[in-house]
Structure formats: C-alpha cells, structure tokens
A.B. asks: 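Pasting a structure here, questions to come.
Position 1 is the first residue of the sequence; numbering continues from there.
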Amino acid sequence: MSIIMPEYEIVDRSTSSIRYLEHGWPSELCRWHSHPEYELHLILETRGKAFVGDYFGEFDAGALFLTGPNLPHNWVTNKSYTKDVPVRDMLVQFDGKSVEHLLNAFPEFGEMQELFKLAQMGIEFVGFNPTFAKGHMEAIRDTKGAERIVAFLRFLVRINEHAEKKTLSVTGIANTEGSSKHARIGDVVDHITKNFAEEISVEAAAELAGMSPTAFTRNFQKATGNRFIEFVNRVRIGQACSMLYASDEQISSICYEVGFQNLANFNRQFLKMKGMTPSEYRAQAQRNLVNKESTEA
C-alpha cells in the first residue's frame with residue numbers, strides 16, 4: 001500500500017548541501033508536496049492541521065517536525081487566521097546521501113541512525129522548546145559554508161537527544177518518480193483539504209482527476225489507503241477538532257460547518273476516528289489548555 005504522490009519539488013543543491021527556507025502564511029509554498037530530501041520544519045506562528053503521509057493531526061505554534069525523503073507533507077493554518085503572517089515557518093532541507101556519508105565517515109553519528117529511520121514516517125518532537133529550536137534555526141540561517149553545516153549538525157544532535165518523538169504516517173512511501181495518476185489524485189487531495197465543507201461527490205472528484213468514477217475509486221484507495229468518503233471524513237473531523245479546541249461554538253454548528261449533513265453521523269464518525277465524542281474531546285482539549293497556561297504562568 002502506498003501513499004499519494006503529490007506535487008514533486010526539485011531542490012537545487014548545486015552550491016550547498018543543505019537549504020534553508022522561511023515563509024509566511026498564506027504562501028504558494030504551503031501545498032501538498034514531496035521531495036527526495038529530509039526536511040526539518042519549525043512552525044513559528046498559527047495553529048492548524050498537519051498532513052504528513054496518511055497522518056492528519058493538529059499543530060500549534062512551536063511545533064517541530066522531521067520528514068523523510070518523498071514523504072508528502074503540508075501544514076494548513078486554520079481559516080480563523082484572517083491576517084497575513086510574515087514568517088510562519090523556518091525549515092531546512094538536506095540530502096539523504098549526505099546523511100549516509102556522514103554516518104560512514106564518522107561512526108559516532110551512528111547513534112542518529114534510528115532518527116533518520118523514524119523520519120521515513122515523519123516525526124513530531126513533542127514538547128521541544130520552541131525558543132531553543134528557533135535559536136538553532138537562526139544560527140543555520142545566519143551562517144554560511146562550514147559554519148552553517150556545524151550549526152545544522154548541532155541541531156540534529158539536540159533533536160536526537162529529545163525523548164518524546166511521535167511518529168506520524170503508517171503507510172509506505174511512494175515511488176520517487178510517481179505517475180500522472182498519482183499526481184492527479186494529489187490534485188483531488190489538495191481540493192479536499194481546501195474545500196472540505198463543500199459537497200464533494202465521487203463523480204466530481206473523478207472528473208477533477210480526469211478518470212472514470214470506477215477507475216478513480218480504485219486508484220484513490222490504492223494511493224491513499226482510504227476509500228474516498230473515508231478520506232473526506234478524516235479531513236472534516238480533523239477540522240472539527242481544531243474548531244472544538246479553539247472555540248466555544250456549538251457542536252451542532254461545527255458539524256455542519258465542516259461539511260457533515262447529519263449530527264448523528266458526525267458523532268459516529270468522530271467517535272470512530274478519535275475514540276471519544278466531540279464533547280469529550282473539547283473537555284480534554286480545554287483541560288490541556290488550562291494545564292499548559294498554568295505551567296507557563
């Protein structure tokens with residue numbers, strides 16, 4: 001079973017072995033995409049949905065992720081953020097072959113082998129100090145040549161020492177080159193994540209992908225590991241989680257806002273995916289928020 005082949009990004013490493021980027025929100029760089037490089041990604045501002053392989057979850061400001069080669073990913077800020085954010089993300093992309101050469105040249109770096117193995121599924125470094133992470137990213141950004149590489153390796157050592165590494169995607173990694181079918185299904189995935197509240201039929205999705213409904217249904221499940229309606233429901237439930245966390249809006253209103261037409265079905269799908277009811281999820285989220293605030297006070 002493989003995951004979707006999204007838009008494929010070519011990273012130019014002709015002059016350097018690592019690439020530093022930062023961008024705001026919204027940005028054309030925020031899209032469902034993959035590339036053969038590892039990516040170390042820090043979210044500076046906003047809250048929203050993380051999409052990594054077949055994983056859907058929430059992210060907050062300060063979240064730190066590492067994704068492996070060809071693992072599709074995207075971080076979508078909640079629509080409640082109506083003003084532009086100048087710098088939302090700081091990230092570093094680096095080549096897997098460079099990692100292999102590092103491990104071969106310096107046996108001491110062998111202790112990080114498990115880190116790169118876990119990155120194939122995507123890692124979130126839960127509870128990593130965001131100020132500390134930003135400082136390391138700034139050191140990489142503000143240096144050049146060998147000093148930049150040293151700053152980058154220092155950050156890798158620190159994240160490898162971090163105890164709580166949460167692996168994300170469970171499906172295999174798609175072929176690097178992909179196919180036109182995968183790319184067209186990737187277009188449908190992007191459409192769903194941006195227009196989840198709209199009525200999205202299999203027929204309309206198939207037309208968007210340029211396939212017959214039968215071929216689309218078969219290829220979508222093969223590519224994503226989910227039936228089409230299951231995938232749509234996962235995106236909608238993910239958005240509902242963000243709204244339950246961030247607002248006091250009535251659950252029935254959230255149900256319809258994210259695209260469900262029936263409250264009973266919304267509750268049933270939520271319980272199936274999250275193992276609790278929407279009201280239980282909200283209560284748990286609020287407790288976590290209170291605990292976080294009291295800890296930071």
A.B. asks: Under the rule for side chain to side chain donor-acceptor pair (under 3.5 Å), what residues qualify as partners of Thr77, not counting sequence neighbours?
C.D. replies: Thr46, Arg88
A.B. asks: Closer than 4.0 angstrom, basic N to acidic O: yes or no for Glu161 and Arg158?
C.D. replies: yes
A.B. asks: Please name all residues satisfying side chain to side chain donor-acceptor pair (under 3.5 Å) with Thr277, sequence neighbours left out, ordered by chain then number.
C.D. replies: Ser279, Glu280
A.B. asks: Is there a salt bridge (Lys or Arg N to Asp or Glu O under 4.0 Å) between Glu100 and Lys97 once you walk through the steps?
C.D. replies: CA-CA 5 Å; Glu100 292 177 10; Lys97 290 183 180 179; over 6 Å; no
A.B. asks: Tell me, please, which residues at least two apart from Lys134 pass side-chain contact (heavy atoms from CB on, under 4.5 Å).
C.D. replies: Leu42, Leu44, Met90, Glu138
A.B. asks: Taking ring pair (Phe, Tyr, Trp, His ring centres under 6.0 Å) as the test, write out the residues that go with Tyr38, two or more places apart.
C.D. replies: Phe94, Phe116
A.B. asks: Please set out all donor-acceptor pairs under 3.5 angstrom arising from side-chain atoms of residues 260-267, sequence neighbours excluded.
C.D. replies:
unit_1, atom_1, unit_2, atom_2, d
Gln261, NE2, Gly259, O, 3.3
Asn262, OD1, Ala264, N, 2.9
Asn262, OD1, Asn265, N, 2.8
Asn265, OD1, Arg268, NH2, 3.1
Asn267, ND2, Leu263, O, 3.3

A.B. asks: Glu108: what forms a side-chain contact (heavy atoms from CB on, under 4.5 Å) with it, not counting sequence neighbours?
C.D. replies: Phe106
A.B. asks: Measure the spacing between CD of Glu37 and OG of Ser98 and express it to the nearest 0.5 Å.
C.D. replies: 9.5 Å
A.B. asks: Does Phe65 have any ring pair (Phe, Tyr, Trp, His ring centres under 6.0 Å) partners at least two apart in sequence or in another chain, and if so, which?
C.D. replies: Trp75
A.B. asks: Could you work out, with side-chain contact (heavy atoms from CB on, under 4.5 Å) as the rule, every residue matching Lys166, not counting sequence neighbours?
C.D. replies: Tyr55, Glu124, Val126, Leu168
A.B. asks: Under 3.5 Å, sequence neighbours excluded: what are the donor-acceptor pairs made by side chains of residues 200-211?
C.D. replies:
unit_1, atom_1, unit_2, atom_2, d
Ser201, OG, Ala204, N, 3.0

A.B. asks: Among residues at least two apart in sequence or on other chains, which ones pass side-chain contact (heavy atoms from CB on, under 4.5 Å) with Thr214?
C.D. replies: Ser212, Arg218
A.B. asks: Provide the closest heavy-atom pair for Arg282 versus Ile251 in the form atom of the first, atom of the second, distance.
C.D. replies: NH1-CG1, 4.2 Å
A.B. asks: Throw together a table of side-chain donor-acceptor distances under 3.5 angstrom for residues 147-156, partners on residues two or more places apart or in other chains.
C.D. replies:
unit_1, atom_1, unit_2, atom_2, d
Arg148, NE, Ile140, O, 2.9
Arg148, NE, Thr143, O, 3.1
Arg148, NH2, Ile140, O, 3.2
Arg148, NH2, Arg141, O, 3.2

A.B. asks: Of all residues at least two apart in sequence or in a different chain, which pass the salt bridge (Lys or Arg N to Asp or Glu O under 4.0 Å) check with Lys49?
C.D. replies: Glu58
